[in-house]
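Some notes on the structure that comes next.
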Amino acid sequence: MGRIEDIMNNSRFDDKARFVNQFMYALTSGNSESLLELITEDVVLIVDGGGKVFTLIRPIYSRKLILVILNALALTIFLRSKAQSVKINGQQGILITKEDIPIGVISFDREPQTTMVQGIFIIVNPDKLKHIGLNKFS
């Protein structure tokens with residue numbers, strides 16, 4: 001697994017992977033302006049904790065509130081973990097690990113015309129993460 005700086009500097013990534021890396025960098029650097037450039041006005045955030053991890057109960061439709069939540073996640077969870085760009089259901093997404101154990105997956109729904117994010121989906125449900133083998137991504 002690479003650090004975010006290593007991923008950002010790797011020129012073999014396509015545009016979708018490059019977008020994910022921009023998202024990770026904006027999130028981990030606390031650069032809200034960069035995040036705003038990547039998400040639509042009507043973006044939605046959905047978090048799945050499966051009732052086993054404390055998460056949001058309902059989808060969030062407020063762009064400002066989503067930025068607050070993402071920044072809080074970056075400060076509380078992402079600083080103590082590793083993130084890497086991976087394929088999730090055929091699309092580029094983010095795998096978050098702590099001590100080499102998957103603790104979350106972030107995937108995106110992007111608007112075809114602008115390629116901006118219109119949906120952010122975070123899975124932290126341990127039942128849905130336990131099948132992930134890190135060797136798939138090595």
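All values below were derived from every heavy atom in this structure, side-chain atoms included, with hydrogens, water molecules and symmetry-related copies excluded. Positions are given from 1, in the same order as the sequence printed here.
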Tell me, do [X] and [Y] make a side-chain contact under 4.5 Å, heavy atoms counted?
X    : Y    : result
R63  : L36  : yes
D109 : F121 : yes
K87  : Q92  : yes
V117 : R110 : yes

What are the two closest non-hydrogen atoms of [X] and [Y], and how far apart are they?
X    : Y    : value
P102 : L129 : O-CD1, 4.0 Å
G49  : P126 : O-CD, 4.2 Å
V43  : G119 : CG2-N, 4.1 Å

For the [atom1] atom of [X] and the [atom2] atom of [Y], what is their distance to the nearest 0.5 Å?
X    : Y    : atom1 : atom2 : result
F23  : L70  : CZ    : CG    : 5.0 Å
Q22  : R18  : CD    : CZ    : 8.0 Å
I39  : F108 : CD1   : CZ    : 10.5 Å
Q118 : E41  : CD    : CD    : 13.0 Å

Do [X] and [Y] share a hydrophobic cluster (ILVMFWY, side-chain heavy atoms under 4.5 Å, transitive)?
X    : Y    : answer
I60  : I106 : yes
V44  : I122 : no
I66  : L27  : yes
L73  : V47  : yes
I120 : L65  : yes

Any donor and acceptor pair, going by atom type alone, linking the side chain of S85 with main-chain N or O of I94 inside 3.5 Å?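 Not a single qualifying donor-acceptor pair exists.
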
side-chain contact (heavy atoms from CB on, under 4.5 Å) partner of V86, the single match among V20, V105, L95: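 Among V20, V105, L95, the one that satisfies the side-chain contact (heavy atoms from CB on, under 4.5 Å) with V86 is L95.
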
Testing I103, T97, I101 one by one against S81 for a side-chain contact (heavy atoms from CB on, under 4.5 Å), which residue passes?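 Of the listed residues I103, T97, I101, the side-chain contact (heavy atoms from CB on, under 4.5 Å) partner of S81 is I103.
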
